[in-house]
Amino acid sequence: MKKLYKVDDGKIICGVCGGIAEYFNIDPSLIRIATVILGCFGGGGLIAYIIAAVILPRKSELGL
């Protein structure tokens with residue numbers, strides 16, 4: 001079963017976008033661009049990023 005987590009390698013701020021990209025097996029740049037676009041239009045991306053940064057475990061904490 002796939003797990004959603006924050007990454008330690010290749011992270012820019014907290015590793016949330018990198019973890020989401022690994023979960024969906026896509027390029028992290030696409031997730032980062034989508035987050036910025038959502039942040040510019042209403043702030044939903046910023047709020048979601050902050051929540052994910054707080055609640056998601058790190059990849060190293062899961063032993064993966």
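Computation of the quantities below employed the complete heavy-atom set of this structure, encompassing side-chain atoms and omitting hydrogens, waters and symmetry-equivalent molecules. Just so you know, residue 1 is the first one in the sequence shown, and it goes up from there. Bear in mind that the values here come from a model prediction, so they are computed numbers and not experimental data.
Using a 4.5 Å cut-off between side-chain heavy atoms of Ile, Leu, Val, Met, Phe, Trp and Tyr, with links allowed through other members, Leu62 and Tyr23 fall into different hydrophobic clusters. Residues Ile51 and Ile13 do not share a hydrophobic cluster, defined by chaining ILVMFWY side chains whose heavy atoms lie under 4.5 Å apart. At a threshold of 4.5 Å between side-chain heavy atoms, the hydrophobic network of Ile, Leu, Val, Met, Phe, Trp and Tyr places Ile12 and Val36 in two separate groups. Clustering ILVMFWY residues whenever any of their side-chain heavy atoms sit less than 4.5 angstrom apart, transitively, puts Ile26 in the very cluster that holds Val16.
A side chain to side chain contact (heavy atoms under 4.5 Å, CB included) with Ile20 is found for exactly one of Leu30, Ile31, Thr35, namely Ile31.
With rounding to the nearest 0.5 Å, the separation of CD in Glu22 from NZ in Lys2 is 10.5 Å. The SG atom of Cys17 sits 11.5 Å away from atom CG of Asp27, with the distance rounded to the nearest 0.5 Å.
Contacts of Tyr49 classified as side chain to side chain donor-acceptor pair (under 3.5 Å), with partners at least two apart in sequence or in another chain: none.
Annotation for Leu4 and Gly19: closest pair CD1-O, 3.9 Å, computed over non-hydrogen atoms.
At distances below 3.5 Å, not a single donor-acceptor pair connects side-chain atoms of Lys6 with backbone N or O atoms of Cys14. Side-chain atoms of Glu61 come within 3.5 Å of backbone N or O of Arg58 as a donor-acceptor pair.
Cation-pi contact between Lys59 and Tyr5: absent, since separation from the ring centre below 6.0 Å together with deviation from the ring axis within 45° is not met.
Residue Ile33 belongs to a hydrophobic cluster whose other members are Ile37, Phe41, with links defined by side-chain heavy atoms closer than 4.5 Å.
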